Trainee: 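This is the structure I have questions about; it appears just below.
As the structure is a computational prediction, the values presented were derived from the model and not from experiment. Below, read A as the first sequence line, B as the second, and so on, with proteins coming before strands; counting in each chain starts at 1. Below, all heavy atoms of this structure are taken into account, side chains as well, without hydrogens, waters or symmetry copies.
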Protein chains: 2
Amino acid sequence: MARQTRERILETSLAMFNAQGEPNVTTNHIADELGISPGNLYYHFRSKDDIVEHLFARYEASVGDALLLPDGRAPNLEDIWLQLHLVFESLWGYRFLYRDLVDILARNRKLKLRFARIMNRASTSATELLRGLVRAGVMRASADEIHALAENILLVATFWMSFDAVRGGKAEAGEADLNRGIHRVMMLIAPFLRDAERYHLNTLAATYVR
Amino acid sequence: MARQTRERILETSLAMFNAQGEPNVTTNHIADELGISPGNLYYHFRSKDDIVEHLFARYEASVGDALLLPDGRAPNLEDIWLQLHLVFESLWGYRFLYRDLVDILARNRKLKLRFARIMNRASTSATELLRGLVRAGVMRASADEIHALAENILLVATFWMSFDAVRGGKAEAGEADLNRGIHRVMMLIAPFLRDAERYHLNTLAATYVR
DNA sequence: GTCTATATAGGGATAGAC
DNA sequence: GTCTATCCCTATATAGAC
C-alpha cells in the first residue's frame, strides 16, 4: 500500500494547506491527521518542501491544461468566460500557494522559476485572446492598453483569493469567492467592449455576484 | 536613552521586515542588528507581535493621512494622480504587511479589524472620487461599474507589491515598482474616461513605466 | 512500510545580576 | 536600561527496531 499512503499524504497535505495555510501546517499535523507516524511520512517524502513541490507539479499540470487555447476558430466572449472559469477553478484547488506566494517562492528558487513560466504562458494567452477580440471588432483598445489590461488581469487572477480572505469578514470560503473572482476580471474587460457587449456583460455579471 | 532604544527597535524592525519578510526576521536577528541583547529588546516590547502592532499603528496613521480628501472643490484627474502617489508611498513604507498580509491578519484579530476599517475608508474614498469624475463628465460609468472598479482598484492597491515581487526576476525593488503600481491603477481607470482624457492619460502613463 | 524514540536546531520569551 | 544565561516549546528530520 506504499502508493496509497504516498497519495494520501499528498491529498491530506493539500487539504490542510488550503484550509489553514501552509506555514501553519506542520509535518506532524499532517501525520496526525492521517493517523500515521512522522517517521512514516518522512519515509515517503524527504522534506516538507518535497511535498510542496509535488503539489506544485500538480498545480502546474492543472493550470497548464486550463490555459490551453481551444484552437480552431477564434474564441468569442462566451468561450473566454468559460476558459476563465476553468482557470480559476484550477487556481482555487491550490489556493494555499497563493495565500503565501511571496514566501513560498522566495524560499524555493525552482518553484519561483516554474511559477514565472506559468505567468508568462498566462500573459501570452491573455494577450492573444484580447487581440482576438479587437480583431473581431468586439473590443476597442490600443496595443499599450491591451498590454496593461493583460497584466492587470494576471494580477487579479493571482490575488483575488487573498483579497477575499482579507476583505469582508466572512470566515468560510467557497464557490461564492470563485464567482466574485471571475466577476472582477469580467469588469476589468467590460469597459473596452462595444456598447452592446458591454451592456450585455453588465447584465450577465450581475448574476455572478451577491 | 529609553525612548531612543525603543524607537531604534521599531525603525530597524521595519527595515528588516520590509527587506526580508516578517516571518523571516526573528527577535534575535533584530537585537543582533541593533547590537543589543534579546533581553533588552523584550524589556521594550512584550512580544514580537507587539512590535508588529506598533508598526501597524504607524502604517494606519500614514495611510489615514494620505486618504484624507482635500476638501473644497471637487478634485480633477491631476489631483487624483497626486493622491494616488501619496497613498502608494505610504503603503510602500510598510510593504512587509502586504507581503504576508493573509497570515499576519489571520493570526491577529485586532489587526484584521483595523485593516478592514482602512479598506472601508479607502473604498468610500475611491467611490467618491469616481462619482466626482462622472458628475464632472470626465468619465462614463454606471453605478455597478463604479462599484466594481473601486473594488478592483483596492485589489491592485493591496497587491501590486506582491505581484512585482513574484513577477519578473529583478531582485531589487524600488521607485520603479511604485511607478508601475500607480500605472496599473491609472490603466484601470483609463477606459472609462472621455476620449480626450483617455488619450492624454495613455500618453502620460507611458512615462510611468519602463 | 511503519513504528517509537530521539537528535538537532531555532525561535519566543523570562529571570535575575549589574 | 541593559546584559547574560537559560527555559520552554515546537518544527524538521533521522536512527533503528519491528
Trainee: Rounding to an integer number of Å, can you tell me how far B:Phe45 CZ sits from D:dT2 C1'?
Mentor: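 Value for this atom pair: 15 Å.
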
Trainee: Expressed as a whole number of angstroms, how long is the span from B:His44:NE2 to C:dA13:P?
Mentor: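 Those two atoms, NE2 and P, are 16 Å apart.
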
Trainee: Would you kindly give the OH-to-C1' distance between B:Tyr43 and C:dA15, to the nearest whole Å?
Mentor: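 About 15 Å, once rounded to whole Å.
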
Trainee: OP1 or OP2 of D:dT2 versus the side-chain N and O atoms of B:Thr5: is any pair under 4.0 Å?
Mentor: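 Checking D:dT2 against B:Thr5, a side-chain N or O does come within under 4.0 Å of OP1 or OP2.
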
Trainee: How close or far is atom C1' of D:dT2 from atom CD1 of B:Ile30, stated in whole angstroms?
Mentor: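 Whole-Å distance recorded here is 17 Å.
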
Trainee: Assuming nearest nucleotide by heavy-atom distance, tell me which of A:Gly39 and A:His29 is located more 5' along DNA chain D.
Mentor: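 Its nearest nucleotide lies further toward 5', so the answer is A:His29.
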
Trainee: Using only atom types and a distance under 3.5 Å, with no angle test, would you say the side chain of B:Ser123 pairs donor to acceptor with the backbone of B:Met119?
Mentor: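 Between the backbone of B:Met119 and the side chain of B:Ser123 there is no qualifying donor-acceptor contact (under 3.5 Å).
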
Trainee: Before accepting this row, confirm whether a basic side-chain N of the pair B:Glu151/A:Arg180 lies closer than 4.0 Å to the acidic partner's carboxylate O.
Mentor: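 Salt bridge: no.
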
Trainee: Rounded to the nearest Å, what distance is computed from the CD atom of residue B:Glu22 to the P atom of nucleotide C:dG11?
Mentor: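 It works out to 13 Å between those atoms.
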
Trainee: Please determine if A:Arg184 and A:Asp164 form a salt bridge, counting it only when a charged side-chain N lies under 4.0 Å from a carboxylate O.
Mentor: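 Looking at A:Asp164 together with A:Arg184, the answer is yes, because their closest N to O distance falls below 4.0 Å.
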
Trainee: Would you mind telling me which of D:dA13, C:dA13, D:dC3 lies closest to the side-chain atoms of A:Ser47?
Mentor: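 Nearest to the side chain of A:Ser47 among the choices is D:dA13.
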
Trainee: Looking at B:Tyr42, does any N or O in its side chain come under 4.0 Å of the phosphate oxygens OP1/OP2 on C:dA13?
Mentor: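 Answer yes for this pair, as a side-chain N or O of B:Tyr42 is under 4.0 Å from OP1 or OP2.
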
Trainee: Heavy atoms from C-beta onward define the side chain here; which of C:dG12, D:dT2, D:dA11 lies closest to that of B:Thr26?
Mentor: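 Of the options given, the side chain of B:Thr26 lies nearest C:dG12.
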
Trainee: C:dA13 P sits how many Å from B:Ile9 CD1, rounded?
Mentor: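 Interatomic distance, CD1 of B:Ile9 to P of C:dA13: 14 Å.
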
Trainee: Counting only side-chain heavy atoms from C-beta out, which of C:dT4, D:dT12, C:dG12 sits nearest to A:Ser37?
Mentor: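 The listed nucleotide nearest to A:Ser37's side chain is C:dT4.
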
Trainee: Of the listed nucleotides (D:dT4, C:dG12, C:dT4), which one gets closest to any side-chain atom of A:Pro38?
Mentor: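 Nucleotide nearest to A:Pro38's side chain: C:dT4.
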
Trainee: In whole angstrom, give the distance that lies between atom CG of B:Leu41 and atom C1' of D:dT4.
Mentor: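 Distance, rounded to whole Å: 15 Å.
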
Trainee: Which nucleotide in the set C:dA13, C:dC3, D:dT2 lies at the smallest distance from any side-chain heavy atom of B:Asn40?
Mentor: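 Of the candidates, D:dT2 comes closest.
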
Trainee: Would you say A:Arg121 has more than 12 foreign heavy atoms packed within less than 6.0 Å of its CZ?
Mentor: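 Atom CZ in A:Arg121 is packed in, count exceeds 12.
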
Trainee: To the nearest angstrom, how far is A:Leu34 atom CG from C:dC3 atom P?
Mentor: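 Those two atoms, CG and P, are 10 Å apart.
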
Trainee: A:Glu33 and side chain to side chain contact (heavy atoms under 4.5 Å, CB included): which partner among A:Thr12, A:Asn28, A:Ile9?
Mentor: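 So the option named by the test is A:Thr12.
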
Trainee: Assign each of B:Ile36 and A:Asn24 to its nearest nucleotide of DNA chain D by heavy atoms, then name whichever residue's nucleotide is nearer the 5' end.
Mentor: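 Result of the comparison: B:Ile36.
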
